[in-house]
Amino acid sequence: MQAINDFILAAAGQPWVLVLVLACCVIDGFFPPIPSESVVVGLAAVAATADVPNPWVLMLVAALGAFSGDNIAYLIGRKVGTTRWGWMRNPRMQSAFRWAGRELRKRPASLILVARFVPIGRVAVNLTAGFTHYPHLRFIGLTVLSATLWAGYSVGIGLFFGQWFEDNHLLGAAIAIICAVALGIMVDLGINRLRRRPPMVERMKEPEA
């Protein structure tokens, strides 16, 4: 375990870690299997006690990557639509695209902000926003805000839980990641309960009509 902790500390202090964070956050904007939350939260948990990487720099890089990824997804949706590739035609993704299209017509601003915290949700919303020609300048403004909030939330969760595990960075990172995922689901459930609507996660699982 000490060897693992030493490796984590050594890796966290390397400049290429921030490049990895940027790449994960960019790709995660249009390809959900990439775990950007896990990378950002895990590194923030290490930074809580090891001071590497710098939390403010980590937050800035994560926000820049998230913003870039969301807007790349928008442009992909605008250029190629939502059926070009096989993973797009997956029934679950198609259901998510249909749901995103309906919601964008009703409450676009709140949808774009909330969707950033739900991996599959943000991909569906970003691509659909481009496909439906939602105004790009307005989308840019909203994604600046959503990326900043998401990066601050992810780093904050990591710092908060990471400081409890000064001697075990692996455990601190793991618990921080689990809590971040759980809180993200709770936020989605809470917001949608206030609106008396099914939660985003459940709506994306609705079968095709």
query: Are Tyr153 and Val155 connected, step by step, through hydrophobic side chains (Ile, Leu, Val, Met, Phe, Trp, Tyr) whose heavy atoms are closer than 4.5 Å?
result: yes
- line: dist Leu58:CG -> Leu22:CG (nearest 0.5 Å) comes out at 11.0 Å
- line: The reported gap from CD1 in Ile72 to CG in Leu127 (rounded to nearest 0.5 angstrom) is 11.5 Å
Least distance between heavy atoms, Ala129 atom then Thr132 atom: O-OG1, 3.4 Å
- prompt: For Tyr134, which residues count as a ring pair (Phe, Tyr, Trp, His ring centres under 6.0 Å) partner, sequence neighbours excluded?
  reply: none
task: Under the side chain to side chain donor-acceptor pair (under 3.5 Å) rule, collect the residues that match up with Arg78, sequence neighbours excluded.
output: Tyr74, His133
field: Cluster overlap Val123 with Ile27, hydrophobic side-chain contacts below 4.5 Å
entry: yes
- request: Please name all residues satisfying ring pair (Phe, Tyr, Trp, His ring centres under 6.0 Å) with Phe67, sequence neighbours left out, ordered by chain then number.
  value: none
field: Closest approach of Trp150 to Cys25 (non-hydrogen atoms, all atoms of both residues)
entry: CH2-SG, 3.7 Å
query: What's the spacing between Ser146 OG and Leu142 CG if we round to 0.5 Å?
result: 7.0 Å
field: Any residue meeting side chain to side chain donor-acceptor pair (under 3.5 Å) with Thr143, in chain and number order, not counting sequence neighbours
entry: Asn71
field: Residue pair Leu20 / Cys24, side-chain heavy-atom distance below 4.5 Å
entry: yes
query: Got a sec, which residues hit side-chain contact (heavy atoms from CB on, under 4.5 Å) with Val57, two or more places apart in sequence or on another chain?
result: Leu18, Asn54, Val61
statement: Of all heavy-atom pairs linking Val40 and Ala62, the shortest is CG2-CB, 3.9 Å
field: Leu137-Phe131 co-clustered via ILVMFWY side chain contacts under 4.5 Å
entry: no
- prompt: Taking all non-hydrogen atoms of both residues, which atom of Leu159 and which atom of Ala48 are closest, and how far apart?
  reply: O-CB, 3.5 Å
- prompt: Heavy-atom distance under 4.5 Å between the side chains of Phe139 and Asn126, does that happen here?
  reply: yes
message: I'd like to know if Ile76 and Phe31 are part of one continuous hydrophobic network [Ile/Leu/Val/Met/Phe/Trp/Tyr, side-chain heavy atoms within less than 4.5 Å].
response: yes
- prompt: Which atom pair, heavy atoms only, marks the closest approach of Leu104 to Val125?
  reply: CD1-O, 4.2 Å
- request: Flag the pair Glu37 and Arg116 as a salt bridge only when some basic side-chain nitrogen lies within less than 4.0 angstrom of an acidic carboxylate oxygen.
  value: no
Spacing of Ser154 atom OG and Leu43 atom CG [to the nearest 0.5 Å]: 11.5 Å
field: Partner residues of Leu145 under the side-chain contact (heavy atoms from CB on, under 4.5 Å) criterion, sequence neighbours left out
entry: Leu113, Leu149
Shared hydrophobic cluster, Leu60 / Val39 (ILVMFWY, side-chain heavy atoms < 4.5 Å): no
message: So, using side-chain contact (heavy atoms from CB on, under 4.5 Å) as the criterion, who are the partners of Ala63 when residues are at least two apart?
response: Ala151
